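Here the structure is a predicted model, which means the values were calculated and not measured.
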Number of protein chains: 2
Amino acid sequence: MSAGSPFFSATESSAPRRDRTRQALLQSALTEIHGAGFQAASLSRIVAGAGVSKGALYHHFPNKLALGYAVFDQPITDYIVKTFIEPLQNAEDPIECMHRVGTMERDRMLEQGVTLGCPLVNLSQEMSPVDEGFRTRIDALLTLWRNNWADALRRGQENGYVRSDIDPIAEATLMIATRQGSVALTKTAQSLNLLENVMTAFISYLDRLRPDDWTSRKAKIGTES
Amino acid sequence: MSAGSPFFSATESSAPRRDRTRQALLQSALTEIHGAGFQAASLSRIVAGAGVSKGALYHHFPNKLALGYAVFDQPITDYIVKTFIEPLQNAEDPIECMHRVGTMERDRMLEQGVTLGCPLVNLSQEMSPVDEGFRTRIDALLTLWRNNWADALRRGQENGYVRSDIDPIAEATLMIATRQGSVALTKTAQSLNLLENVMTAFISYLDRLRPDDWTSRKAKIGTES
DNA sequence: ATATATATACCGACCGGATGGTATGTAGGT
DNA sequence: ACCTACATACCATCCGGTCGGTATATATAT
């Protein structure tokens, strides 16, 4: 159950009504925005998809922009944090963890289909030049992500998992850019083959981020544990 | 057949009226689409920008979509081919050439500003899921680009400029994805610092694409010439 | 328990405006 | 006289957003 407050779990049927419509609106808006982009997203289709009326929408959100912000702040941000930021938080070996995260993303795209891309990538691309509110939100999330991965790489350097002659923040930036572009390209090509190509090159790129003496050092680490 | 003759470049003023209007429309449409995206682009603003009327537009193009296709097929495709594909066609050392192309792109973005991104990237992102005509056009151009860079890398392998244990098509795909993502990220961050970070990592990535004995081999090649 | 009062949650018809597209008219070269 | 190359006025449609009104849940009083 999607509990609202962690304290007052509220009686199942009475409290949730407001929350249920709000969640339905957010979900429907996410789908619509994901499919059509924010500007082309139609409020009529959103309320239809949520099974409520326009009055309900404007009872919960002052305007379309606020709805868009809410969609970004909640479902989209949650997904990125959970999928890309938290796993690297305490990863011992960042390269191995990035490899795993990348592979999981690939698998998820294979399942869910590849035509619509990633909501974050789409919004970033569409709304950054158009609306400053969206831009700052997206920028903040991407900066968080970037710093998080850079920190992970830096720790990896200290612990001998990552070669020391690379710039962590630069490499982290490159990786995120690569993901952004991969999703976009795959969407255009509608080809899993392209996605596999990118993964192949990305993995070999990750390997080349290891220290030169990694193979022997790896064995040593293995015996220590 | 009519105009666009590669020989008679036509003094600006003597160019047939028809072509001038058409070019003005294409140029204005490119600007508008670049700034607002295709779907949000307004035909009224386009004709105003071109200094002609709506009747002129619909005399040259049957509808908005056809105008969009024309913008893609001519100015956008031309730019990509000239900037990214032709230089690699006969490059002796692909890595050095990619390095140069990347640096020139970076400089161009510094000059022209970074807020609007690249028309190809924008269109690819926006229109691929929405319109099949756009999608196939973009896909064809990207495929051309990808194959062109992959061929260059393969030749580089044969001539000892590129390490042999990488997959040319995979690496080419990764590079294009990286550019796609870099442009998008930079647009969102509105930060030249981010662009510099990506360039730093990209250059070091290119270096790691050299054969292990590159430093010595490079000296040898140097003396040969 | 029942009736009343009040605030919340929601409905759906409607509005001004902008959009892509069309129908009709006209200027100008040949 | 005729066809190309445009201009102007106009249309149907959809958009985001508003607003008067209704259902529903809860608090209070009886």
task: Pick base, sugar-phosphate or nothing for B/R45, based on heavy-atom distances below 4.0 Å to the nucleic acid.
output: sugar-phosphate
query: In this structure, are over 12 heavy atoms from other groups packed under 6.0 Å from A/D78 atom CG?
result: yes
- line: When rounded to whole Å, the OH to P distance for the pair B/Y58 and C/dT19 reads 12 Å
- request: Provide, to the nearest angstrom, the distance between the CD atom belonging to A/Q39 and the P atom belonging to C/dA18.
  value: 16 Å
statement: Whole-Å distance, A/L43 CG to C/dC11 C1', equals 16 Å
query: Separation of A/H60 atom NE2 from C/dC11 atom C1', in whole Å?
result: 13 Å
message: Does C/dC10 have its OP1 or OP2 closer than 4.0 Å to a side-chain nitrogen or oxygen of A/T21?
response: yes
- prompt: Would one find a side-chain N or O of B/H59 under 4.0 angstrom from OP1 or OP2 of D/dC6?
  reply: no
message: Does A/R155 form a salt bridge (charged side-chain N to carboxylate O under 4.0 Å, His left out) with A/E92? I'd like the steps, not just the answer.
response: CA-CA 8 Å; A/R155 290 196 309 272; A/E92 166 73 12; over 6 Å; no
task: Tell me, with the steps shown, if A/F38 and A/F134 meet ring pair (Phe, Tyr, Trp, His ring centres under 6.0 Å).
output: CA-CA 11 Å; A/F38 176 78; A/F134 264 117; 5.1 Å; yes
query: What heavy-atom pair brings B/V81 and B/P87 nearest, and what distance separates the two atoms?
result: O-CD, 4.2 Å
message: In whole Å, I'd like the distance from the CG atom of B/L67 to the C1' atom of C/dG21.
response: 13 Å
task: Check the distance between C/dG20's C1' and B/F61's CZ and give it to me in whole angstrom.
output: 16 Å
message: Need one value for A/A41: base, sugar-phosphate or nothing, where a base atom within 4.0 Å counts as base even if backbone is also close, heavy atoms only.
response: sugar-phosphate
5'-most by nearest nucleotide on DNA chain D - B/S53 or A/S42: B/S53
- prompt: In whole angstrom, what separates B/I46's CD1 from C/dT19's P?
  reply: 11 Å
query: Separation of A/K54 atom NZ from C/dC11 atom C1', in whole Å?
result: 12 Å
